[in-house]
Amino acid sequence: MESEAWAAADWPPEKTAASSRRPRSGREAAMAAVDSFYLLYREIARSCNCYMEALALVGAWYTARKSITVVCDFYSLVRLHFIPRLVSRADLIKQYGRWAVVSGATDGIGRAYAEELASRGLNIVLISRNQEKLQMVAKDIADTYKVETDIIVADFSSGREIYDPIREALKDKDIGILVNNVAVFYPYPQYFTQVSEDKLWDIINVNIAAASLMVHIVLPGMVERKKGAVVTISSGSCCKPTPQLAAFSASKAYLDHFSRALQYEYASKGIFVQSLIPFYVATNMTTPGSFLHKCPWLVPSPKVYAHHAVSTLGISKRTTGYWSHSIQFLFAQYMPEWLWVWGANILNRSLRKEALSCKA
Ligand SMILES: NC(=O)c1ccc[n+]([C@@H]2O[C@H](COP(=O)([O-])OP(=O)(O)OC[C@H]3O[C@@H](n4cnc5c(N)ncnc54)[C@H](OP(=O)(O)O)[C@@H]3O)[C@@H](O)[C@H]2O)c1
């Protein structure tokens, strides 16, 4: 206040005879410079006052919007991952039908998902490449959960020829739930030109074509019965472009978009379509013994993961299926792309190093 009064009353300082005669000392010159700057600043501030207020309003609106989004995201995390576990389990048979088909069902997430559905009373059709493994898992599930099981031996990397036999094998069953789980991954994260041509065809045939064709086989029956669920397992690597996993992450982005578009097309016909986007789960795909397997709350076992994921069925159209993965997903959504790419490069480089040193 004092300085304002001074500025208003004494500016510009009157030139006294002494001051005009005597050359200014360094200190006086510096003070004069500060005073002129202060005056200039006040002038600018006065003329920009309304702009400042407008900017402050925009800032407040942006902060409020972001805070509301974070609160809503946190609420939906709790609603999705904790509340369904407190209430009684949904009756999936009544909601969708008696049979479920799971592709890639002899190991990892596929097997755990099949077991979780069987624990809720559904009969299971398991599809994989290896007949003995299929028979063993099918018997195990039938004995443990007292449900019917059936197997289909099919190698999805073979392309078009396998789908007619699958259609034939499924034609007399009322399929209520289809789980598109099967996928292939690189042996370890690699730059694109180092990925073999065979692996690229596998990624196209197994990750992309299998889900599309399986939906094409099963969906008409669901639409006719006016109920059913299609769960397609994508991957956290589809959130943003992921270097050193280019083809794999792109194939998972296809699945995510495919599921979301299907949901828009078929929700009105009674079909629930879910895009399931797990981050790391402790399976063979993530190399057992890797440092990833040492952090169970970030990288759950397939059994724990499937238990949580199935409880989101019918509730969320697009979810990671597991609470700590949803926190990772939130971070991934809010972080800028350069930060994601930087983190992915570091992680994938160390995974490659680890895999190569295990091989040596
Ligand atoms: N594990 C993770 O950290 C992670 C993270 C994100 C997303 N995902 C996704 O989750 C899904 C399951 O992954 P997972 O880790 O559980 O895999 P996994 O443990 O490697 O199991 C793959 C399953 O697919 C079958 N399979 C593989 N190639 C096949 C083919 N060409 N034809 C038919 N069946 C085939 C395998 O059985 P056979 O060998 O007996 O045929 C096995 O039952 C995948 O879509 C994956 O991308 C996994």
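Each ligand, and each atom within it, is numbered from 1 in the order the structure gives.
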Practice prompt. Going by heavy-atom distance to atom 45 (O) of ligand 1, choose the closest among I233, I127, N181.
Written response: N181

Practice prompt. Kindly state if atom 22 (C) of ligand 1 has a protein heavy atom within a strict 4.0 Å cut-off, that is, under 4.0 Å?
Written response: no

Fill in: Side-chain donor-acceptor pair present, N180, T232, cut-off under 3.5 Å
yes

Worksheet item: Can you tell me if R111 has a non-hydrogen atom under 4.0 Å from ligand 1?
Response: no

Worksheet entry | Distance-only N or O hit between ligand 1 and K252, under 3.5 Å | yes

Worksheet item: Which one of V137, D107, D155 has a non-hydrogen atom at the shortest distance from atom 31 (N) of ligand 1?
Response: D155

Worksheet item: What part of T283 sits under 4.0 Å from ligand 1 if we count only heavy atoms: the side chain, the backbone, both or neither?
Response: side chain

Practice prompt. Mark up the atoms of ligand 1 that fall under 4.0 Å of a heavy atom belonging to G104, in ascending order.
Written response: 23 (C), 24 (O), 25 (C), 43 (O)

Practice prompt. Please say whether F248 places an N or O atom under 3.5 Å from an N or O atom belonging to ligand 1.
Written response: no

Worksheet item: F185: heavy atom below 4.0 Å from ligand 1, yes or no?
Response: no

Worksheet item: Contact between S103 and ligand 1, counting heavy atoms under 4.0 Å?
Response: no

Fill in: contact_flag P302 ligand 1 heavy-atom lt 4.0 Å
no

Discussion item. Is a donor from one side chain sitting under 3.5 angstrom from an acceptor on the other, for S157 and D155?
Written reply: yes

Worksheet item: Could an N or O of ligand 1 be found under 3.5 Å from any N or O of T286, whether backbone or side chain?
Response: no

Worksheet item: atom 5 (C) of ligand 1: which of Y113, F279, Y280 has the nearest heavy atom?
Response: F279

Worksheet item: Can you find an N or O of I109 that's nearer than 3.5 Å to an N or O of ligand 1?
Response: yes

Discussion item. Under a plain distance cut-off of 3.5 Å, with no hydrogens placed, do R352 and Q244 share a side-chain donor-acceptor pair?
Written reply: yes

Worksheet item: For atom 33 (C) of ligand 1, which candidate among A112, P300, A154 provides the closest heavy atom?
Response: A154

Worksheet item: Quick one: does S157 get a heavy atom under 4.0 Å from ligand 1?
Response: yes

